[in-house]
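Just so you know, residue 1 is the first one in the sequence shown, and it goes up from there. As the structure lists them, so they are numbered: ligands from 1, and atoms in each ligand from 1.
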Amino acid sequence: MASLTAQPRFLRSITLDRAAKFTSPDYFHDINLHSRLYSRRATNAVELEFYSVPDLKRIPFDKAVKQTFAPASLGMSFGPSWSTHWFKLKIKIPDDWAGQQVELHWDSNSEAMIWSTDGIPRQGLTGDKGNDRRTEYPLVKSAKGGETLHLYVEMACNGMFGTGKNGVINPPEDNRTFQLAKAEIVVPNKPAWELYYDMQVILGMANELANDTARAQEALYTCNQVVDSYDRSHGDSAIQKCLAITKEFLSKKGAPEGHRVTAVGNCHIDTAWLWPYAETRRKTARSWSTQLRLIEEYPEYVFVCSQAQQLEWLAQDYPKLFEEVKQASKKGRFQVIGSTWVEMDCNLPSGEGLCRQFLYGQRFYEKNFGSRSSIFWLPDTFGYSAQLPQIARLAGARYFFTQKLSWNNINKFPNTTFNWVGLDGTKILTHMAPCESYNAQADVGDMVRSIKNNRDLAFSNQSLMPYGNGDGGGGPQRAMLERIRRMKDVDGLPRCEMGGVESFFEDVEQHANGLQEWKGELYFELHRGTYTSQAAIKRYNRKLEFLLREVEIASTFCLGVGRDHQYPKADLDLLWKDLLLNQFHDVLPGSSIELANIDVRAIYRDVEKKGQQLLNNCLDALYQTSAADGETEGHVVFNSLGWTRSEIIEVPVLKKVGMGQYSDEKNTGYARVEASAFQYQDISHDTSNKDTVKGSSNGLEIILENSWVKATFDLHGRLVSLYDLNEMRELIPEGQTGNKMKLYEDIPLYWDAWDVEIYHMNTGRNAGLGKARLNEVGPLRASITVEHPLTETSSAVQTIVLTAASPRLDFHMTADWHESRTLLKVEFMWDINSDFATYDSQFGVIQRPTTYNTSHDYAKFEVCGHKFADLSEHGYGVALLNDCKFGYSTHGNTMRLSLLRSPKAPDLNCDMGHHEFSFAVLPHKGTFHESSVVRESYQFNVPLSIRPVSGKALKALRPASLFEIEGAKNVILDTVKRAEDSDHIIVRLHEAYGGRAMFKLKSGLNILCIERCNILEDSDAEVAFNAEEQASEWLVMSAFEILTLKLKVK
Ligand SMILES: [Zn+2]
């Protein structure tokens, strides 16, 4: 018989499993490769003492080390959740460890940080199980043997994702304890680690490469060979034998023209989310000190960090560590990128809010790191405004990086490397990491996905891989860096090199050909609930953006007219930074835990109080009033908008001044005012205008009627008819109604506070019927009160107002809301035919379909709009305005505004309790483009500010005008402020409708010259200026352009 010598075939699934078990920490780890990773271990070499900080306080190092410490031992538990415990470590290295490399292993099942005895954070630690675990700290490269080392450990009683009960996004558990499981020293066995990392790459290739390639087969065969060759009775020599096999496999080089992956170390730290801001301040120190250690160890390693706010916290809390970061940044190893103050939400902040994110971010980078960032870095946000390309470019960013659209759950986004074209046509080079993660593990899977998911390989044969564990994970791990070293140039994989983001983009810019373009918003097909969750936070953001605007305009006014008033620059900076902080992408969207939201609301209250105080001080200076002047004899209104406003306003009643109409309580009355653009003036109680409004009821219906419209309500408060008296046109379709309160089942698939899902649209039902009564009857203001018993547990009260001055019908609401996973919307049906609706956005508008024809249409079943949404057909339209809401769903002729949600995770009490908000209906002749909807939406959000003044001040009042726009109704002058670094005045305008504008900027100030500048206030060309007329020459703006001007005033 012939002798048979071949071994049995190595079967794929069995071999993969076998090799995985060979390196597994969980199976056969007592005898497999894992068992050899450490050559020595001393479990009783660490002597421990501890101090528990009372009252959940987080205290600085200097204070902590002065406390009295008590003996501690392994197995002790520490708590409750969010408490802090300091440990003093005395580490005795065994005598016979001389010459060995020694590591400390610490696992408190929580986050922790190692401090040197001189108070410098050395490294973060993350206990518990999972990929993010980091429990090793290198103590010495070569021990003397017998020496004693001292360290401190600051233990935080939270996991890296907080303390969610039985699930990451569940509300936190308040009383969790964390057990100190490990505090020991070890000697790593370097060859075993080498083999371990080699096997991760080779086994990864066997798993991930297409099975029909020779290289995949070769990888599988190599795995089999390695395990065959590992003779555990031969110890380290067996490892050497295996290493010879793995090194041979890994030494085969790839094709030089293959795909290139730039691996960029990063650590996405959510500025608040499942933990409060105070914990983030420590997370940054833990993560970044960890990365500084890896930078020391790996000379090729580059780490990037973003969010100026986090760096500012580091400078405040850990100045020595901040210095280390600065030093590493100078060497290009720790690169500070991102451009913005925080990685903000991009749906909800105003246009100016977005501008300030860049202004404060870039100024911080310039001041502390010597240069601005060319990268707009925003891996994780829930949708991207169409104005971002223009804003980013005007703020010094040339490149944009993100990846969140890979989470879309309806349509796959078609581009990877492309030019994103903004609303106005501005382009920004954009890359969306095809590995589809900002926490990539730098494994073979990420490398394979970088090609497989790359939709633009034909135009640009490279991709970016942002790797590293985020939040409490501390960024890249040693294993990731080791894998990248091995994947640098190996046959079968793209070439992988560590590098920075800027150099990646510069390279793309140089080598890419014929890149595709995407015009308009990058709509995120998920997390649509974030337009509505946490109503109070959204309301504060909207109101306070406008309050700070008002303060800046009034303060600039004082500056311009030479009042004795210091421009409150330092105060405004603090308030803006607080507002910008709260625009973080888990705070403003409403996806943080209650503990974080309590802090957030406290910050808002503080901004509101201080902002109001600044405004009052400033208006007193402007009107030259003082408390010593005596009794109030009149009121001055301040119109901070750039056009004349004709409105009915509520004014406190003064003895000497008669009122056209009194309120119910008689302590206020209503006055008609004509307030000129950017002016302050005495309320003149205009009596020449004879327009009136009348409220009436016939027992079946309640009618509000003025010179423009007749609005008829049934006794449940539903709008049964809205008739335009001048156009002779009914707006409510036959048999339909408006102002309908609708409740929807709001149960998403997983992300509770984040998502309203497409199927919620099928579940709308009418809320309990309201009860309406006529309240005020005119002649200046007429109103109806409607009590809505929404459900058995929730109710609302509506005041519906029509004044003598406008066709706008206002709905002011208070609600008492106690629901679970229920969404409240208000619904209107209009007799209007249009396939698209127009939504207010940052410094512009965006049109979206009202149809469900294509998957891209119905993916937009709920969209973000700012101050209004408009539905217009030829000749006529209606806008639905709001003062603090953002979620709209317009389908066919039905417009809905999302009012309140009730998710239960991660904040169990989200939106429970009292609410106040307003919306309004504005019918208009002509299409949206011919309407004054933009101006009305500003007026609805910026009430005229009224301030009491004495008779003396009233007599001395010399109304002046700050600015006036002549010639173009489509130009909005939104921002007026003092320049950051001089006494120049900055004004920011935008074209609001999407067309050309020709206008002159006029001013009541004594202007010497005007320059164009960018958002960072760098001067550009001078603008022709006519000093005699105090007006610019004709300026031209293109569609949706944002224009910033710098004015020098005498
Ligand atoms: Zn995030």
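No other N/O/S atom of H585 lies as close to the Zn ion (ligand 1) as NE2 does. Distances from the Zn ion (ligand 1) to each N, O or S atom of D270 single out OD1 as the nearest.
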Without placing hydrogens or testing angles, list every side-chain donor-acceptor pair under 3.5 Å for residues 394-405, not counting sequence neighbours.
unit_1	atom_1	unit_2	atom_2	d
Y399	OH	E509	OE1	2.7
T402	OG1	L378	O	2.7
T402	OG1	P379	O	3.4
T402	OG1	Y384	OH	2.5
Q403	OE1	S406	OG	3.0
Q403	OE1	S437	N	3.3
K404	NZ	D380	OD1	2.6

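Taking 2.8 Å as the criterion, D380 counts as a coordinating residue of the Zn ion (ligand 1), since one of its N, O or S atoms falls below it.
The 12-atom threshold is exceeded at NZ of K519, counting heavy atoms of other residues, nucleotides or ligands nearer than 6.0 Å.
Note on ring orientation: taking the six-membered ring where Trp is involved, the planes of H527 and W751 are perpendicular (angle over 60°, cut-offs 30° and 60°).
Salt bridge E279/R286: present, at least one basic N to carboxylate O contact under 4.0 Å.
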